[in-house]
Amino acid sequence: MTQNTITLAVGAIMAAMCIGCSGEHTAKTNLPNNYVDIKSFKDLSEYFKYSPERPTVISGHRGGMVTGYPENSIESFEKTLSLMPSFFEIDPRLTADSVIVLMHDVKLDRTTTGKGKVGDYTYEELQQFNLVDREGNVTPYKIPTLEECIRWSQGKCVLNLDIKDVPTKFMTEFMKRQNVSNVIYTVWRPDQVLEYLAEDPNATFSIWCRQPAELDAYDAANIPWERVMVGYVGASMEEAKERLYRGLHDRGVMCMISVAPTHDICLNNDCKIEGYSTEFATFMRPDIVETDYPYLFMQLDKETAPIELKK
(Lines give C-alpha, C1' and ligand atoms only; values in the text may rest on other atoms or scores of the structure.)
Protein backbone atom coordinates (compact mmCIF):
# COMPACT_ATOMS: atom_id res chain seq x y z
CA MET A 1 0.00 0.00 0.00
CA THR A 2 1.40 3.43 -0.95
CA GLN A 3 1.79 6.23 1.58
CA ASN A 4 -0.94 8.25 -0.18
CA THR A 5 -3.30 5.28 -0.07
CA ILE A 6 -2.61 4.84 3.65
CA THR A 7 -3.30 8.50 4.27
CA LEU A 8 -6.62 8.42 2.39
CA ALA A 9 -7.69 5.17 4.04
CA VAL A 10 -6.82 6.43 7.48
CA GLY A 11 -8.67 9.67 6.86
CA ALA A 12 -11.77 7.74 5.81
CA ILE A 13 -11.65 5.50 8.87
CA MET A 14 -11.14 8.43 11.21
CA ALA A 15 -13.97 10.44 9.67
CA ALA A 16 -16.26 7.46 9.86
CA MET A 17 -15.50 7.06 13.55
CA CYS A 18 -16.21 10.77 14.05
CA ILE A 19 -13.30 11.70 16.29
CA GLY A 20 -13.17 15.20 17.72
CA CYS A 21 -14.25 17.54 20.42
CA SER A 22 -17.76 18.90 20.61
CA GLY A 23 -18.88 22.27 21.87
CA GLU A 24 -22.14 20.54 22.85
CA HIS A 25 -20.60 19.36 26.12
CA THR A 26 -18.61 22.47 26.98
CA ALA A 27 -19.79 24.88 29.63
CA LYS A 28 -20.25 27.69 27.11
CA THR A 29 -20.10 27.61 23.32
CA ASN A 30 -19.13 30.10 20.61
CA LEU A 31 -16.07 31.25 22.52
CA PRO A 32 -13.03 32.43 20.53
CA ASN A 33 -10.23 30.05 19.50
CA ASN A 34 -11.96 26.92 20.77
CA TYR A 35 -12.04 28.21 24.33
CA VAL A 36 -14.21 26.74 27.08
CA ASP A 37 -15.27 28.75 30.13
CA ILE A 38 -15.36 26.71 33.36
CA LYS A 39 -16.56 28.82 36.27
CA SER A 40 -18.02 26.19 38.61
CA PHE A 41 -18.05 22.51 39.54
CA LYS A 42 -21.28 22.24 37.56
CA ASP A 43 -19.52 23.57 34.47
CA LEU A 44 -16.64 21.12 34.96
CA SER A 45 -19.03 18.18 35.39
CA GLU A 46 -20.84 19.17 32.21
CA TYR A 47 -17.56 19.43 30.31
CA PHE A 48 -16.66 15.86 31.34
CA LYS A 49 -20.17 14.46 31.09
CA TYR A 50 -20.10 10.95 29.67
CA SER A 51 -22.45 10.18 26.81
CA PRO A 52 -22.28 7.33 24.27
CA GLU A 53 -23.33 9.85 21.61
CA ARG A 54 -20.45 12.19 22.31
CA PRO A 55 -17.42 12.43 20.01
CA THR A 56 -14.01 11.56 21.39
CA VAL A 57 -12.30 14.42 23.23
CA ILE A 58 -8.65 15.07 22.43
CA SER A 59 -6.32 16.04 25.31
CA GLY A 60 -2.88 17.59 24.86
CA HIS A 61 -0.27 15.53 26.74
CA ARG A 62 2.19 17.96 28.36
CA GLY A 63 0.16 20.64 26.63
CA GLY A 64 0.57 19.30 23.11
CA MET A 65 3.48 19.93 20.78
CA VAL A 66 4.04 21.55 17.40
CA THR A 67 7.41 22.43 15.88
CA GLY A 68 8.53 25.66 17.54
CA TYR A 69 6.21 25.13 20.50
CA PRO A 70 7.71 23.18 23.43
CA GLU A 71 5.91 21.02 25.95
CA ASN A 72 4.58 22.53 29.19
CA SER A 73 4.47 26.07 27.84
CA ILE A 74 1.59 28.53 27.71
CA GLU A 75 2.52 29.38 24.13
CA SER A 76 1.98 25.74 23.12
CA PHE A 77 -1.40 25.61 24.86
CA GLU A 78 -2.47 28.74 23.03
CA LYS A 79 -1.21 27.36 19.71
CA THR A 80 -3.19 24.14 20.15
CA LEU A 81 -6.36 26.05 21.02
CA SER A 82 -5.91 28.22 17.94
CA LEU A 83 -6.26 25.01 15.93
CA MET A 84 -8.82 22.90 17.82
CA PRO A 85 -10.57 22.33 21.17
CA SER A 86 -8.51 20.54 23.79
CA PHE A 87 -7.70 20.30 27.47
CA PHE A 88 -4.18 19.88 28.78
CA GLU A 89 -2.23 17.49 30.99
CA ILE A 90 0.67 19.42 32.55
CA ASP A 91 3.47 18.69 35.04
CA PRO A 92 3.93 20.83 38.19
CA ARG A 93 7.32 20.68 39.87
CA LEU A 94 8.98 22.69 42.68
CA THR A 95 11.96 25.02 42.40
CA ALA A 96 14.57 25.52 45.13
CA ASP A 97 12.59 28.47 46.46
CA SER A 98 9.26 26.55 46.42
CA VAL A 99 7.76 28.09 43.30
CA ILE A 100 5.61 25.64 41.32
CA VAL A 101 6.72 25.60 37.68
CA LEU A 102 5.82 23.39 34.72
CA MET A 103 8.46 20.78 33.92
CA HIS A 104 8.06 17.08 33.25
CA ASP A 105 11.60 15.87 33.88
CA VAL A 106 13.63 16.07 37.09
CA LYS A 107 16.39 17.65 35.01
CA LEU A 108 16.35 20.63 32.67
CA ASP A 109 18.59 19.03 30.03
CA ARG A 110 16.01 17.64 27.57
CA THR A 111 13.52 20.51 27.37
CA THR A 112 15.57 23.65 28.09
CA THR A 113 18.96 25.23 27.39
CA GLY A 114 19.87 24.59 31.04
CA LYS A 115 21.53 21.66 32.79
CA GLY A 116 20.89 19.96 36.10
CA LYS A 117 17.91 19.46 38.39
CA VAL A 118 14.97 21.86 38.44
CA GLY A 119 14.95 21.72 42.24
CA ASP A 120 18.52 23.03 42.42
CA TYR A 121 17.51 26.39 40.92
CA THR A 122 15.38 29.25 42.18
CA TYR A 123 12.61 30.43 39.90
CA GLU A 124 14.58 33.59 39.08
CA GLU A 125 17.62 31.50 38.15
CA LEU A 126 15.52 29.34 35.84
CA GLN A 127 14.56 32.39 33.80
CA GLN A 128 18.04 32.49 32.25
CA PHE A 129 17.13 29.39 30.24
CA ASN A 130 14.92 28.99 27.17
CA LEU A 131 12.57 26.14 26.39
CA VAL A 132 13.48 23.69 23.62
CA ASP A 133 10.90 22.00 21.37
CA ARG A 134 10.64 18.27 20.61
CA GLU A 135 12.95 18.61 17.60
CA GLY A 136 15.63 20.34 19.67
CA ASN A 137 14.95 23.87 18.41
CA VAL A 138 15.64 26.61 20.97
CA THR A 139 12.55 28.81 21.37
CA PRO A 140 12.13 32.29 22.88
CA TYR A 141 9.81 30.88 25.54
CA LYS A 142 10.56 30.60 29.26
CA ILE A 143 9.60 28.09 31.95
CA PRO A 144 6.15 29.17 33.22
CA THR A 145 4.86 29.01 36.75
CA LEU A 146 1.71 27.04 37.49
CA GLU A 147 0.11 30.24 38.76
CA GLU A 148 0.76 31.97 35.42
CA CYS A 149 -0.71 28.98 33.61
CA ILE A 150 -3.84 28.91 35.77
CA ARG A 151 -4.39 32.64 35.29
CA TRP A 152 -3.98 32.25 31.53
CA SER A 153 -6.38 29.26 31.43
CA GLN A 154 -9.39 31.07 32.88
CA GLY A 155 -12.16 31.17 30.28
CA LYS A 156 -10.04 29.05 27.93
CA CYS A 157 -9.50 25.42 28.95
CA VAL A 158 -9.28 22.72 31.61
CA LEU A 159 -5.93 21.78 33.17
CA ASN A 160 -5.08 18.27 34.38
CA LEU A 161 -2.20 18.35 36.89
CA ASP A 162 0.17 15.36 36.79
CA ILE A 163 1.97 16.45 39.95
CA LYS A 164 5.65 15.49 40.15
CA ASP A 165 7.20 16.49 43.48
CA VAL A 166 4.79 18.96 45.07
CA PRO A 167 3.56 17.76 48.50
CA THR A 168 -0.21 17.31 48.79
CA LYS A 169 -0.79 19.96 51.44
CA PHE A 170 1.43 22.47 49.65
CA MET A 171 -0.49 21.90 46.41
CA THR A 172 -3.96 22.03 47.94
CA GLU A 173 -3.17 25.22 49.85
CA PHE A 174 -1.89 26.75 46.64
CA MET A 175 -5.01 25.67 44.73
CA LYS A 176 -7.36 27.00 47.40
CA ARG A 177 -5.70 30.40 46.99
CA GLN A 178 -6.31 30.23 43.24
CA ASN A 179 -10.03 29.60 43.83
CA VAL A 180 -10.73 28.22 40.34
CA SER A 181 -12.88 25.37 38.99
CA ASN A 182 -11.05 24.36 35.80
CA VAL A 183 -8.22 22.30 37.37
CA ILE A 184 -8.22 18.57 38.15
CA TYR A 185 -5.60 16.37 39.85
CA THR A 186 -4.19 13.17 38.38
CA VAL A 187 -3.97 10.46 41.07
CA TRP A 188 -2.87 6.83 40.98
CA ARG A 189 -4.58 5.25 43.99
CA PRO A 190 -7.76 5.53 46.11
CA ASP A 191 -5.84 6.77 49.15
CA GLN A 192 -4.59 9.75 47.14
CA VAL A 193 -8.17 10.76 46.32
CA LEU A 194 -9.02 10.70 50.01
CA GLU A 195 -5.80 12.50 50.95
CA TYR A 196 -6.53 15.38 48.58
CA LEU A 197 -10.16 15.62 49.62
CA ALA A 198 -9.16 15.76 53.29
CA GLU A 199 -7.18 18.91 52.49
CA ASP A 200 -9.56 20.32 49.87
CA PRO A 201 -13.17 19.02 49.68
CA ASN A 202 -13.56 20.79 46.33
CA ALA A 203 -10.80 18.77 44.62
CA THR A 204 -11.62 16.93 41.38
CA PHE A 205 -9.73 14.10 39.77
CA SER A 206 -8.41 12.12 36.86
CA ILE A 207 -7.75 8.66 38.28
CA TRP A 208 -5.55 5.83 37.08
CA CYS A 209 -7.85 2.83 36.76
CA ARG A 210 -6.40 0.28 34.35
CA GLN A 211 -7.84 -2.97 35.70
CA PRO A 212 -11.25 -4.05 37.03
CA ALA A 213 -9.57 -4.76 40.38
CA GLU A 214 -8.53 -1.10 40.60
CA LEU A 215 -12.14 -0.03 40.04
CA ASP A 216 -13.14 -2.34 42.90
CA ALA A 217 -10.46 -0.76 45.09
CA TYR A 218 -11.84 2.74 44.48
CA ASP A 219 -15.31 1.46 45.38
CA ALA A 220 -13.98 -0.20 48.52
CA ALA A 221 -12.40 3.10 49.59
CA ASN A 222 -15.81 4.74 49.17
CA ILE A 223 -14.48 7.60 47.08
CA PRO A 224 -17.10 10.15 45.96
CA TRP A 225 -17.42 9.33 42.26
CA GLU A 226 -19.01 12.69 41.50
CA ARG A 227 -15.56 14.24 42.11
CA VAL A 228 -13.97 11.99 39.45
CA MET A 229 -14.03 13.37 35.92
CA VAL A 230 -11.67 11.04 34.03
CA GLY A 231 -10.46 7.46 34.34
CA TYR A 232 -7.14 6.68 32.65
CA VAL A 233 -7.53 3.09 31.47
CA GLY A 234 -4.23 2.50 29.63
CA ALA A 235 -2.85 2.78 26.12
CA SER A 236 -5.81 1.14 24.39
CA MET A 237 -9.38 -0.08 24.90
CA GLU A 238 -9.18 -3.86 25.38
CA GLU A 239 -12.15 -6.16 25.00
CA ALA A 240 -11.02 -8.17 28.05
CA LYS A 241 -11.55 -5.07 30.20
CA GLU A 242 -15.08 -4.28 29.11
CA ARG A 243 -16.33 -4.54 32.72
CA LEU A 244 -13.90 -1.77 33.69
CA TYR A 245 -15.13 0.61 30.99
CA ARG A 246 -18.79 -0.08 31.65
CA GLY A 247 -18.18 0.34 35.38
CA LEU A 248 -16.58 3.76 34.89
CA HIS A 249 -19.40 4.84 32.58
CA ASP A 250 -21.98 3.65 35.12
CA ARG A 251 -20.27 5.96 37.64
CA GLY A 252 -20.35 8.88 35.20
CA VAL A 253 -16.62 8.78 34.43
CA MET A 254 -15.09 9.18 30.96
CA CYS A 255 -12.52 6.59 29.83
CA MET A 256 -9.21 8.03 28.63
CA ILE A 257 -6.42 6.27 26.76
CA SER A 258 -2.97 7.74 26.11
CA VAL A 259 -1.19 7.20 22.79
CA ALA A 260 1.87 9.17 23.96
CA PRO A 261 3.93 5.99 24.62
CA THR A 262 2.62 4.13 21.55
CA HIS A 263 1.53 5.76 18.28
CA ASP A 264 2.95 9.17 19.13
CA ILE A 265 6.48 7.80 18.89
CA CYS A 266 6.11 6.86 15.21
CA LEU A 267 8.67 8.63 13.05
CA ASN A 268 6.23 10.39 10.68
CA ASN A 269 2.69 11.74 10.74
CA ASP A 270 1.24 9.12 8.39
CA CYS A 271 2.47 6.41 10.75
CA LYS A 272 1.06 8.25 13.76
CA ILE A 273 -2.37 8.76 12.17
CA GLU A 274 -2.55 5.18 10.95
CA GLY A 275 -1.85 4.08 14.52
CA TYR A 276 -4.47 6.42 15.95
CA SER A 277 -7.04 4.91 13.60
CA THR A 278 -6.59 1.47 15.13
CA GLU A 279 -7.76 2.84 18.50
CA PHE A 280 -11.06 3.87 16.93
CA ALA A 281 -11.66 0.58 15.17
CA THR A 282 -11.78 -1.48 18.37
CA PHE A 283 -14.94 -2.89 19.94
CA MET A 284 -15.37 0.30 21.98
CA ARG A 285 -14.28 3.82 21.11
CA PRO A 286 -12.36 5.76 23.81
CA ASP A 287 -14.06 8.80 25.35
CA ILE A 288 -10.78 10.75 25.54
CA VAL A 289 -7.47 10.32 23.73
CA GLU A 290 -4.41 11.94 25.28
CA THR A 291 -1.69 12.70 22.73
CA ASP A 292 1.47 14.74 22.28
CA TYR A 293 0.12 15.89 18.92
CA PRO A 294 -3.50 17.01 19.15
CA TYR A 295 -3.14 19.08 15.97
CA LEU A 296 -3.03 15.84 13.94
CA PHE A 297 -6.72 15.43 14.82
CA MET A 298 -7.83 18.93 13.80
CA GLN A 299 -8.98 18.08 10.27
CA LEU A 300 -11.09 15.13 11.36
CA ASP A 301 -14.88 14.99 11.25
CA LYS A 302 -16.38 16.35 14.48
CA GLU A 303 -19.93 15.08 14.05
CA THR A 304 -21.28 12.91 16.84
CA ALA A 305 -21.49 9.15 16.51
CA PRO A 306 -22.46 6.44 18.99
CA ILE A 307 -19.79 4.37 20.69
CA GLU A 308 -20.42 0.80 19.56
CA LEU A 309 -20.32 -1.81 22.29
CA LYS A 310 -19.92 -5.52 21.78
CA LYS A 311 -23.24 -7.21 22.48
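As the structure is a prediction and not an experimental result, all values here were calculated from the model. Any value given below was found using the heavy atoms of this structure, including those in side chains, with hydrogens, waters and symmetry copies removed.
Linking ILVMFWY side-chain heavy atoms closer than 4.5 Å, directly or via other members, places L126 and V138 in two distinct hydrophobic clusters. L102 and V132 are assigned to two separate hydrophobic clusters, defined by single-linkage of ILVMFWY side chains at heavy-atom distances under 4.5 Å. Residues I207 and L194 fall within the same hydrophobic cluster, defined by Ile, Leu, Val, Met, Phe, Trp and Tyr side chains chained together at heavy-atom separations under 4.5 Å. V166 and V106 are not part of a single hydrophobic cluster, where members link through side-chain heavy atoms under 4.5 Å apart. V230 and W188 fall within the same hydrophobic cluster, where Ile, Leu, Val, Met, Phe, Trp and Tyr residues are linked whenever their side-chain heavy atoms come under 4.5 Å apart, directly or through other members.
With hydrogens and angles disregarded, a donor-acceptor distance shorter than 3.5 Å links the side chain of S59 to the backbone of F87. A distance-only check finds a donor-acceptor pair linking the side chain of T172 to the backbone of K169 [under 3.5 Å]. Side chain of S236 to main chain of E238: no donor-acceptor pair is present (N/O by atom type, distance under 3.5 Å, no hydrogens or angles). Proximity of a side-chain donor or acceptor of S181 to a complementary backbone N or O of I38 within less than 3.5 Å is not detected. Side-chain atoms of N34 come within 3.5 Å of backbone atoms of L81 as a donor-acceptor pair (strictly under, hydrogens ignored). In this structure, the side chain of N182 does not engage the main chain of L159 through any donor-acceptor pair within 3.5 Å. Distance alone, capped at 3.5 Å, places no donor-acceptor pair between the S76 side chain and the G63 backbone. Remark: side-chain polar atoms of E78 are not paired, donor with acceptor, to backbone N or O of E75 under 3.5 angstrom.
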message = Please evaluate residues C149 and F77 with respect to the criterion side-chain contact (heavy atoms from CB on, under 4.5 Å), reporting the C-alpha separation (whole Å), side-chain torsions for both, the decisive distance (0.1 Å), and the verdict.
response = CA-CA 9 Å; C149 183; F77 312 155; 3.4 Å; yes
>> Apply side-chain contact (heavy atoms from CB on, under 4.5 Å) to residues Y232 and S258 and explain how you reach the verdict.
In response: CA-CA 8 Å; Y232 169 64; S258 177; 3.7 Å; yes
Evaluate M237 against I257 for side-chain contact (heavy atoms from CB on, under 4.5 Å), listing each step before the verdict. CA-CA 7 Å; M237 303 288 282; I257 66 168; 3.8 Å; yes
| task | Report the C-alpha separation of T204 and V228 in whole Å, then their side-chain angles, then the decisive distance to 0.1 Å, and conclude whether the side-chain contact (heavy atoms from CB on, under 4.5 Å) test is met. | result | CA-CA 6 Å; T204 52; V228 179; over 6 Å; no
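Side-chain contact check for T139 and D133: no donor-acceptor pair (N or O, by modelled atom type) lies under 3.5 Å. A donor atom on one side chain and an acceptor atom on the other are found under 3.5 Å apart for D287 and H249. E274 and H263 form no side-chain donor-acceptor contact under 3.5 Å, judged by distance and modelled atom types alone.
Y276 and F297 have parallel rings, their planes meeting at less than 30° on a 0 to 90° scale where 60° marks the start of perpendicular. Classified by interplanar angle (parallel below 30°, tilted 30° to 60°, perpendicular above 60°), the ring pair Y121/F129 is perpendicular. Note: F283 and Y245 have tilted aromatic rings, judged against thresholds of 30 and 60 degrees for the angle between ring planes. Note: F205 and Y196 have perpendicular aromatic rings, judged against thresholds of 30 and 60 degrees for the angle between ring planes.
We find the CD-CD distance between E195 and E199 to be 7.5 Å, quoted to the nearest 0.5 Å. In this structure, D105 CG and T111 OG1 are separated by 5.5 Å, a value rounded to the nearest 0.5 Å. With rounding to the nearest 0.5 Å, the separation of CD1 in I90 from CG in N160 is 8.5 Å. To the nearest 0.5 Å, atom NZ of residue K142 and atom CD of residue Q127 are 6.5 Å apart. From D292, atom CG reaches atom CG of D264 across 4.5 Å, with rounding to the nearest 0.5 Å. The distance from atom OH of Y218 to atom CG of D191, rounded to the nearest 0.5 Å, is 8.5 Å.
Contact of the L248 side chain with the Y50 side chain is not registered, since no non-hydrogen atoms from C-beta on lie closer than 4.5 Å. A heavy-atom distance below 4.5 Å is found between the side chains of F280 and P286. Side-chain contact between P224 and L197 is present, with heavy atoms from C-beta onward closer than 4.5 Å. V233 has its side chain out of reach of K241: every pair of non-hydrogen atoms, C-beta onward, lies at least 4.5 Å apart. With contacts defined as side-chain heavy-atom distances shorter than 4.5 Å, the pair T67/N137 qualifies. Using a 4.5 Å heavy-atom threshold, the side chains of Y295 and K79 count as separate. In this structure, the side chains of L94 and V99 stay at 4.5 Å or more apart for every pair of heavy atoms. No side-chain heavy atom of L296 sits less than 4.5 Å from a side-chain heavy atom of T291.
Nearest heavy-atom pair, V57 versus M254, reported as atom, atom and distance to 0.1 Å: CG2-CE, 4.1 Å. Taking every heavy atom of both residues into account, R93 and H104 meet most closely at NH2-O, 2.6 Å. Considering every non-hydrogen atom in both G247 and L215, the closest pair reads CA-CD2, 3.9 Å. Taking every heavy atom of both residues into account, W225 and R251 meet most closely at CE2-CD, 3.4 Å. When every heavy atom of P294 is checked against every heavy atom of T80, the shortest pair comes out as CG-CG2, 3.8 Å. The two residues G60 and S86 have their closest heavy-atom pair at N-OG, 3.2 Å.
Other residues, nucleotides and ligands contribute more than 12 heavy atoms inside 6.0 Å of the CD atom of E135. The environment of K176 atom NZ is dense: over 12 non-hydrogen atoms of other residues, nucleotides or ligands sit within 6.0 angstrom.
Among pairs with a residue in residues 205-216, those fulfilling side-chain hydrogen bond (donor to acceptor under 3.5 Å, both in side chains) read D216-R243, at least two apart in sequence or across chains.
Judged by the 6.0 Å and 45° rule, R134 forms no cation-pi pair with Y69.
For the pair E147 and R151, the salt-bridge criterion is met [side-chain N within less than 4.0 Å of a carboxylate O]. The pair D91-K164 meets the salt-bridge criterion, since a charged nitrogen lies less than 4.0 angstrom from a carboxylate oxygen. Salt bridge D270/K272: absent, no basic N to carboxylate O contact under 4.0 Å. Salt bridge status for R62 with E290: absent, with no side-chain N to carboxylate O gap under 4.0 Å. Taking a cutoff of 4.0 Å between a charged side-chain nitrogen and a carboxylate oxygen, K156 and D37 do not qualify as a salt bridge. Under the 4.0 Å criterion applied to side-chain N and carboxylate O atoms, R177 and E173 are not assigned as salt-bridge partners.
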